[in-house]
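Remarks on the structure that follows.
Position 1 is the first residue of the sequence, and the numbers go up from there. Note that ligands are numbered from 1 as they come in the structure, with each ligand's atoms numbered from 1 the same way. Note that the structure is predicted; figures quoted are calculated from it, not measured.
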Amino acid sequence: MPTTLIRNGTVVTATETKAADVLIEGARIREVRSAIPPESAEKTIDATGMYVIPGGIDAHTHLDMPFGGTTSADDFLTGTRAAAFGGTTSIVDFAIQGRGTKMRDALDTWWKKAEGRAVIDYGLHMIVTDLGTSGLEDMDEMVDEGVASFKLFMAYPNVLMVDDATIFKALSRTAKNGALICMHAENGSVIDVIIAKALAEGKTAPIYHALTRPTRAEAEAVHRAIAMAEIAGVPVYIVHLSSEDALHEVREARDRGVPAFAETCPQYLLLSIEELERPNFEGAKYVFTPPLRTKENLPKLWDGLKHDHLQVVSTDHCPFCFEDQKILGKDDFTKIPNGGPGIENRMQLIYHHGVNAGKLSLNRFVEITSTTPARIFGMYPRKGEIAAGSDADIVIWDPKAPYTISSKTHHMRVDYSMFEGYQVQGNARTVISRGEVIVDGGEFLGKPGRGEYLRRQARGGAWR
Ligand code: URP
Ligand code: ZN
Ligand code: ZN
């Protein structure tokens, strides 16, 4: 088996920071300690001045996803390659059960999308749109296939939204099969009434996407989701949490000892509602749900991350090109495909605006971008750790590297960046996936299709 030694770096995990070398044998880490003799390996990588961190895990992506009459612009090749450039070595994407169809069909469809394309390892959540007559047994079958989590929508009536009975049945089933329910928490019925009024008043511009989705509609749904999970006696995970109002509900539940977990995304930490007012329809670039909020929310979310009221930063990467996809909603904001690109820049943005800005420790950065998503989603300690026996998914992170984010140079297949012109310090220099260097010094070395499906464990982590 090929061996590689990463020498002279500082190994940073969720719990410690230490000078140590890392010996890789084949796809796994064999040893982590100081002064491993160079002759122990066929190849050495010098990591002087670098951090050696577990590969990033983005637990919320939408590659090649049909939505709003179009399909997200990155497929499993372009999306996972862009992820790798940014230091992410695993993703968890979403398969979507079609109404009235088997979850198995959706799983097969998403496996086909990834086959021959994914360059990093990928897991799949299942979006449940309908429990029908056999949906609960379908969920158990999915768990046997390594789909250890399900997403349910409390928003998008008539498209993806499910009623409370369905949510409660799905939550209750996880007491038996050990899966985790992820909730898109917004009160879709209320939002739809507000939207109808806005449209009737001729309010069609992108900004009305945000103005018709109040933070209370998010908070109410978070509260209801957590209450239902409590009644069912199971944990729940709130996806893409965007506001202080919603955060309050998670914090209050956690303070009572309820196993409620939540993620936020770089866009909610760094951008605010004004972006949707950009002229020439450019506000559409920032149309996703939940929407961007007022500025006061941003420091509250950072604070939530610091104090573990929020546990994960994912991207909700769901790119649509401005020129030929976002434009579908030119005369009606409800027709703008919802979603934004971000898979490539998560680690850079959270490192720079979190660690460099003094808002997060280095260990907390690793924890929220890699270790905790691995734990929560049943991949730990295979992923999210630098220790003997773990997969050699390792990023050699250059804390001094300056980088300017731009659609002119990014690798995502989308014609704009939500963070155009943002300057960060700190970037992935070398990215190793299961022992193979797939990115080095800005050059992509991986092979399409080398990424493997991650069979995730239900009830996998010490987090419960
Ligand atoms: O606007 C978004 N977030 N698009 C992706 C689908 C979802 O709700 O996560
Ligand atoms: Zn969602
Ligand atoms: Zn999403």
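Residue Cys318: no N/O/S atom is found under 2.8 Å from the Zn ion (ligand 3).
Listed by number with element, the atoms of ligand 1 under 4.0 angstrom from any heavy atom of Phe288 are 1 (O). Near His240, with a cut-off below 4.0 Å to any heavy atom, the atoms of ligand 1 are 7 (C), 8 (O), 9 (O). Close contacts of ligand 1 with His60, meaning ligand atoms under 4.0 Å from a residue heavy atom, involve 9 (O). Numbered from 1 in the order shown, with element, the atoms of ligand 1 that lie under 4.0 Å from a heavy atom of Phe153 read 8 (O).
Closest to atom 1 (O) of ligand 1, if we only count protein heavy atoms, is Thr289 N, 2.8 Å. Atom 3 (N) of ligand 1 has Asp316 OD2, 2.6 Å as its closest protein atom, hydrogens excluded (heavy atom only). For atom 6 (C) of ligand 1, the nearest non-hydrogen atom of the protein is His62 NE2, 3.6 Å. Atom 9 (O) of ligand 1 has its closest protein heavy atom at Lys151 NZ, 2.9 Å. The shortest contact between atom 4 (N) of ligand 1 and any protein heavy atom is with Asn338 O, 3.1 Å. Nearest protein neighbour of atom 8 (O) of ligand 1, counting heavy atoms only, is His184 ND1, 3.0 Å.
Among His184, His240, His125, His317, the single residue meeting the ring-ring contact (aromatic ring centres under 6.0 Å, His included) criterion with Phe94 is His125. Evaluated for a side-chain hydrogen bond (donor to acceptor under 3.5 Å, both in side chains) with Glu218, the options Arg213, Arg293, His223 yield exactly one hit, Arg293.
Distances from ligand 1 to the non-hydrogen atoms of Phe94 include no value under 4.0 Å.
Screening residues 253-264 for side-chain hydrogen bond (donor to acceptor under 3.5 Å, both in side chains) gives His60-Glu263, Glu230-Arg256, Tyr237-Glu263, Glu252-Arg256, Arg254-Asp308, Glu263-Ser314 as the qualifying pairs, with residues at least two apart or on separate chains.
Ion pairing between a basic and an acidic side chain is recognised when a charged N comes within 4.0 Å of a carboxylate O; Asp121 and Lys383 show such pairing. Taking 4.0 Å as the cut-off between side-chain N and carboxylate O, Lys102 and Asp138 count as a salt-bridged pair.
Counting heavy atoms from C-beta outward, Met183 and Val236 have side chains that approach closer than 4.5 Å.
Distance alone, capped at 3.5 Å, places no donor-acceptor pair between the Arg413 side chain and the Asp74 backbone.
Angle subtended at the Zn ion (ligand 3) by His60 NE2 and His62 NE2: 110°, rounded to 10 degrees.
Residues satisfying the ring-ring contact (aromatic ring centres under 6.0 Å, His included) criterion with Tyr122, sequence neighbours excluded, are Phe76, Tyr453. Partners of Asp192 under the side-chain contact (heavy atoms from CB on, under 4.5 Å) rule, at least two apart in sequence or in another chain, are Pro157, Ile195.
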> Checking side chain to side chain donor-acceptor pair (under 3.5 Å) for the pair Asp332/Thr334: CA distance, chi angles, key distance, verdict?
Replying inline: CA-CA 5 Å; Asp332 176 350; Thr334 65; 2.7 Å; yes
> Could you walk me through whether Tyr156 and Phe67 pass the ring-ring contact (aromatic ring centres under 6.0 Å, His included) check?
Replying inline: CA-CA 11 Å; Tyr156 302 123; Phe67 190 89; 5.6 Å; yes
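Counting only protein N, O or S atoms closer than 2.8 Å to the Zn ion (ligand 2) gives 3.
Between the side chains of Glu220 and Asn187, at least one donor N or O sits under 3.5 Å from an acceptor N or O.
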